[in-house]
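Side chains included, hydrogens not; waters and symmetry mates left out as well; all remaining heavy atoms used. When a ligand or atom number is given, it counts from 1 through the structure's own listing order.
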Amino acid sequence: MPDLLIDNLHIHFDGVIALDDVSLTVKSGEIFSLIGPNGSGKSTLFNCINGFNRPRKGAIRFGGINLLRKKTHEIPLLGIARTFQNLQNVPYMTVLDNVLLGAHLRISKRDTVKRWLSRKQRVAEEALALEIMDLLGIANFERKYLLGQPFGIRKLVEIARALVSRPKLILLDEPAAGMNDQETIEIAKIITEIRNELGITVLVVEHDMRLVMRISDRICVLDSGKVITIGKPDEVKQHPEVVKVFLGEGTDA
Ligand SMILES: Nc1ncnc2c1ncn2[C@@H]1O[C@H](COP(=O)(O)OP(=O)(O)O)[C@@H](O)[C@H]1O
Ligand SMILES: [Mg+2]
């Protein structure tokens, strides 16, 4: 599995520097967290990786390929999936069909017709979707419409949809936001299983510090688009600048 190398990334919007020479490496098989105050550039970094934002300078390499040279729709084909801070699922479809939407992310234009026509393919995709839904504890919602499902379930549907594309790397943008304590513990378990059981590298943006400290191999702290420090949870927690930046924010990142 490839590492993700981010090298001197720089991007600004109308005078606001969103990322200021950001460099970091997410190693294959890691659970790597990105924390920082609101507006520090976390989602922008995700948007650069999946091709929504086009940085001025720098490189993002995944398995030796510079992602900045790829079109947005090509990124999932390289094995990079993501979830969004604001949910992107479809209310008038069943939970299963929402999850299956992710399976088609990985199909190139050339393959589309062939794969749509193949019943065997559909059966295999459904089996994978159900397996993933089972891992996430939402398998019994399969035939239910997404509309009216609790927020916690819709968040898991979003993660399941990303997983069904069989990524090598998954980007999770605030998976625990809006979740209660019990659901947050559940999310921590799920993220660990995504790495341990499915062997997927995880890059996660999250505000819940207890969750971040519990699950992460390493953490990168961003502030105003700059990397403050990168290290293991215990190292990051004690870093003087981190203490300063987060002072007064309680347990929030
Ligand atoms: N598309 C955009 N247009 C203008 N400004 C943006 C855009 N995306 C992000 N920004 C700005 O870049 C900074 C970083 O935003 P963001 O990456 O969303 O922060 P975070 O996810 O850490 O809260 C903020 O000042 C934000 O307003
Ligand atoms: Mg954000």
Side-chain angles (χ1 to χ4, degrees), residues 4-26 31-60 67-68 70-73 75 80-89 151-152 154-156 158-159 161-162 169-179 183-184 187-188 191 202-213 215-216 218-231 233 236-237 239 241-253:
L4 177 76
L5 276 74
I6 294 178
D7 191 23
N8 278 320
L9 210 61
H10 184 96
I11 185 166
H12 60 258
F13 304 101
D14 310 322
V16 176
I17 299 176
L19 294 173
D20 195 358
D21 285 332
V22 168
S23 296
L24 58 92
T25 299
V26 180
I31 298 179
F32 190 104
S33 295
L34 211 52
I35 64 172
N38 273 336
S40 57
K42 306 179 299 293
S43 293
T44 301
L45 183 60
F46 274 20
N47 288 340
C48 291
I49 297 168
N50 89 321
F52 282 172
N53 288 159
R54 293 292 166 180
R56 277 294 186 89
K57 271 196 324 209
I60 306 180
L67 300 184
L68 302 184
K70 294 284 163 190
K71 302 207 172 75
T72 308
H73 75 265
I75 305 293
I80 301 175
R82 77 170 286 185
T83 63
F84 292 87
Q85 205 171 338
N86 307 312
L87 298 178
Q88 301 283 317
N89 34 47
F151 182 71
R154 285 188 283 139
K155 288 213 81 151
L156 293 175
E158 175 106 350
I159 296 174
R161 192 187 50 202
L169 167 70
I170 188 168
L171 316 177
L172 302 171
D173 200 348
E174 304 206 14
M179 303 280 225
E183 289 168 333
T184 302
I187 277 285
I191 293 173
V202 181
L203 175 56
V204 57
V205 164
E206 186 45 61
H207 276 270
D208 188 305
M209 285 299 265
R210 270 184 312 174
L211 173 74
V212 166
M213 291 297 161
I215 64 170
S216 309
R218 288 190 304 143
I219 299 168
C220 170
V221 186
L222 279 180
D223 188 25
S224 307
K226 279 194 172 63
V227 173
I228 293 192
T229 185
I230 299 174
V236 164
K237 223 181 338 196
H239 191 283
E241 278 233 46
V242 175
V243 175
K244 202 169 82 192
V245 168
F246 295 128
L247 208 70
E249 289 202 16
T251 55
D252 252 19

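- Protein heavy atom in closest approach to atom 18 (O) of ligand 1: S43 CB, 3.8 Å.
- Summarising the geometry of K42 relative to L34, their closest heavy-atom pair is CD-O, 3.8 Å, with the distance given to 0.1 Å.
- Nearest protein neighbour of atom 25 (O) of ligand 1, counting heavy atoms only, is V16 CG1, 3.6 Å.
- Atom CG of L68 is separated from atom CZ of R56 by 13.5 Å, given to the nearest 0.5 angstrom.
- Nearest-residue assignment for atom 16 (P) of ligand 1 (options T44, V205, D14; heavy-atom criterion): T44.
- Contact check on E158 versus K155 returns no salt bridge, with no Lys/Arg side-chain nitrogen under 4.0 Å from an Asp/Glu carboxylate oxygen.
- Here the side chain of T83 pairs no donor or acceptor atom with the backbone of I159 at under 3.5 angstrom.
- Within the 4.0 angstrom cut-off, atom 27 (O) of ligand 1 has no protein heavy-atom neighbours.
- Here S43 reaches the Mg ion (ligand 2): one of its N/O/S atoms is less than 2.8 Å from the metal.
- Residue G41 places a heavy atom under 4.0 Å from ligand 1.
- Each of V22, L24, I230, V205 was checked for a side-chain contact (heavy atoms from CB on, under 4.5 Å) with L222, and the lone residue meeting it is V22.
- Summary of contacts: the protein heavy atom closest to atom 23 (O) of ligand 1 is G39 N, 2.8 Å.
- For a threshold of 3.5 Å applied to N or O pairs, the pair formed by F13 and ligand 1 contains no separation below that value.
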